Asks: 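The structure follows.
Just so we're on the same page: letters track the sequence lines, and every chain starts at 1. Just so it is clear, the structure is predicted and the values come from calculations on it, not from any experiment.
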Protein chains: 2
Amino acid sequence: MIRFSIAEENYLKTIYHLQNASGIVATNDLAAALHTAPASVTDMLKKLSKKGLVSYKAYYGCTLTEAGEEGAVSIVRRHRLWEYFLSQKLGFSWEEVHEVAEELEHISNEKLIDKLDAFLGFPRTDPHGDPIPDAKGKIIQTKQVSLATLSEKQVAIVTQIGNQSPEVLEMLDEKNISIGSRIQVIKKYAFDESMEVRTDNKHQSYLTKELSQNIFIKN
Amino acid sequence: MIRFSIAEENYLKTIYHLQNASGIVATNDLAAALHTAPASVTDMLKKLSKKGLVSYKAYYGCTLTEAGEEGAVSIVRRHRLWEYFLSQKLGFSWEEVHEVAEELEHISNEKLIDKLDAFLGFPRTDPHGDPIPDAKGKIIQTKQVSLATLSEKQVAIVTQIGNQSPEVLEMLDEKNISIGSRIQVIKKYAFDESMEVRTDNKHQSYLTKELSQNIFIKN
DNA sequence: AATTATTTTTAGGTTTGTCTAAATTATTAT
DNA sequence: ATAATAATTTAGACAAACCTAAAAATAATT
Ligand SMILES: [Mn+2]
Ligand SMILES: [Mn+2]
Ligand SMILES: [Mn+2]
Ligand SMILES: [Mn+2]
């Protein structure tokens, strides 16, 4: 296993996420995601390219090579395992875990991660419902069906959250919605596709289309 | 709380340990402990001095200021809590924990450390018997009495290890000695102050003076 | 097609933390 | 006290990762 610097790891991970969301990654998008100047990104892309981690063509964009993706997945694994640990063992809320995991993910001792995985009971998803890659880098991503696709009377279980900003997560907290929640659509308004849902026997909540689109479910 | 870079944290922690062992810290000693060139240490000492973390006089040596010591203790706290976690929760052996904790100690989220502390049940000593500073930075170091001071027939409990090199720790593993072990001196040889000890009902071991001096005990 | 706007790269700098080699200061031995 | 040795600092450089401002390439408008 090659060792990466913290900066390199952050680039790999961010390219990975952007690439999964929308293919070839533009320099400006990467810069925005990393909170750095585009010029700095160009510098780093050249370095990563020389190391064989990204394929980069000037004025075009970049994608991860096999080696780059392998590295990225390993960082994602660490990140999500630590998020699970923070949430399940230390009692952090799901809007707090990401920030702390951003630091913990850079500890690269492989034995540590595998022992942590075992200690946690080989969890398959993190507190936001995202899949945790296994030790070999294999990821099982379930199909993402959003709550917005349901019609009245239908029932489903929350499995994953799209937009994981603290704002969204806090809103979901208040509406009593978390991973594993059972939700029934009570009323759906044709005008703006907003909906009234029942989260448990007592609580009912009103969700905009924008919000319900970020709640992924299974039957 | 001021935030330190990883390099600064390693300097503070190392100065702290050297200072506790032998007063004013010499540039060369610090360089050796940090595996850096003495010239680099001089540079950094000037920076730390300007930040008010060490008091430094050229050609003389350095010591920590109050602020520097406060920082150092906080790093020691993190280090030892992680060592405890690695040992007790993840099943690492006591010769493995130090290396991993060297990385984990630099994660500076205060809430993380306090929650970890609570999760672990507020342990007072790490896997080598070293005291863990509490959240306020208070350290309770018990008096260090070495096994070498005991005479024949006497019994004691192992509380702490002096030299914690993997070599020593492995040797103690083989002799069935760990923190909390009950040890009885069977025979003590006047010639070289080596001793035969009983570690439990079955096992007996032979210890050189040098080794027994590194095993600290209580009655 | 020509102009304007946007994106990206290049050029030149900065900071942090390191290094080697040379100069200086302190210590030890003669 | 002088010379030799050891410890420490200064001088000058370097790599990593960032920056701003200017130039160049690409994309969007008119
Ligand atoms: Mn996250
Ligand atoms: Mn997550
Ligand atoms: Mn340690
Ligand atoms: Mn320890």
Asks: Report yes if some heavy atom in the side chain of Lys13(A) is under 4.5 Å from a heavy atom in the side chain of Glu102(A); otherwise report no.
Replies: yes
Asks: Starting from P on dA7(D), measure out to CG on Asp29(B) and report it in whole angstrom.
Replies: 9 Å
Asks: Does a side chain donor of either Glu103(A) or Asn109(B) reach within less than 3.5 Å of an acceptor in the other side chain?
Replies: no
Asks: Would you kindly give the NE2-to-P distance between His106(A) and dA17(D), to the nearest whole Å?
Replies: 12 Å
Asks: Tell me the interatomic distance from Leu48(B), atom CG, to dT18(C), atom C1', rounded to whole angstroms.
Replies: 14 Å
Asks: Is the closest side-chain donor-acceptor distance between Asn10(B) and His106(B) under 3.5 Å?
Replies: yes
Asks: Toward the 5' end of DNA chain D, which comes first, Leu45(B) or Pro38(A), by nearest nucleotide?
Replies: Leu45(B)
Asks: Any base atoms under 4.0 Å from Thr27(A), or only sugar-phosphate, or nothing? Heavy atoms, all strands.
Replies: sugar-phosphate
Asks: Of all the nucleotides listed (dA17(D), dA26(C), dC19(D)), which has the minimum atom distance to the side chain of Ser5(A)?
Replies: dA17(D)
Asks: Take atom CG of Asn28(B) and atom C1' of dT27(C), then tell me their distance rounded to the nearest Å.
Replies: 13 Å
Asks: DNA chain D: Ile6(A) or Ala39(B), which has the more 5' nearest nucleotide?
Replies: Ala39(B)
Asks: Among dT18(C), dT9(C), dC18(D), which is the nearest nucleotide to the side chain of Tyr59(A)?
Replies: dT9(C)
Asks: Asp117(A): which residues meet the side-chain hydrogen bond (donor to acceptor under 3.5 Å, both in side chains) condition with it, sequence neighbours left out?
Replies: Arg77(A)
Asks: In terms of side-chain heavy atoms of Asp43(A), which of dT8(D), dA11(C), dC18(D) is nearest?
Replies: dC18(D)
Asks: Could you state the atom-to-atom distance from CD of Glu8(A) to C1' of dA17(D) in whole Å?
Replies: 10 Å
Asks: At 4.0 Å (heavy atoms only), tell me whether Ser40(B) reaches a base, stays on the sugar-phosphate, or touches nothing.
Replies: base
Asks: Counting the benzene-type ring for Trp, do His98(B) and His128(B) have ring centres under 6.0 Å apart?
Replies: no
Asks: Once you round it to whole Å, what is the distance between C1' of dT8(D) and CD1 of Ile24(B)?
Replies: 15 Å
Asks: Just to confirm, is there a sub-4.0 Å distance from OP1 or OP2 of dT10(C) to any side-chain nitrogen or oxygen of Lys46(A)?
Replies: yes
Asks: Write down the distance between CG (Asn10(A)) and C1' (dC18(D)), rounded to a whole number of angstrom.
Replies: 14 Å
Asks: Once you apply the 3.5 Å cut-off to both distances, tell me the Watson-Crick or G-U wobble partner of dA21(C), or none.
Replies: dT10(D)
Asks: For the side chain of Tyr56(B), counting heavy atoms from C-beta on, which of dT18(C), dT20(C), dT9(D) is nearest?
Replies: dT9(D)
Asks: Can I get a per-line list of side-chain donor-acceptor pairs under 3.5 Å for residues 208-218 of chain B, giving both atom names and the distance, sequence neighbours left out?
Replies:
from      : atom 1 : to        : atom 2 : distance (Å)
Thr208(B) : OG1    : Leu211(B) : N      : 3.2
Ser212(B) : OG     : Lys209(B) : O      : 3.0
Asn214(B) : OD1    : Asn163(B) : N      : 2.8
Asn214(B) : ND2    : Glu210(B) : O      : 3.1

Asks: Given dT8(C), dC19(D), dG17(C), identify the nucleotide with an atom nearest to the side chain of Thr36(A).
Replies: dC19(D)
Asks: Rounded to the nearest angstrom, tell me the gap between atom CG in Leu30(B) and atom C1' in dG17(C).
Replies: 14 Å
Asks: So, does Tyr60(B) get its side chain near the phosphate of dT9(D), meaning an N or O under 4.0 Å from OP1 or OP2?
Replies: no
Asks: So Ala7(B), base contact, sugar-phosphate only, or nothing? Heavy-atom distance under 4.0 Å.
Replies: sugar-phosphate
Asks: Mind checking if Ala58(B) touches a base, just sugar-phosphate, or nothing, with heavy atoms under 4.0 Å?
Replies: sugar-phosphate
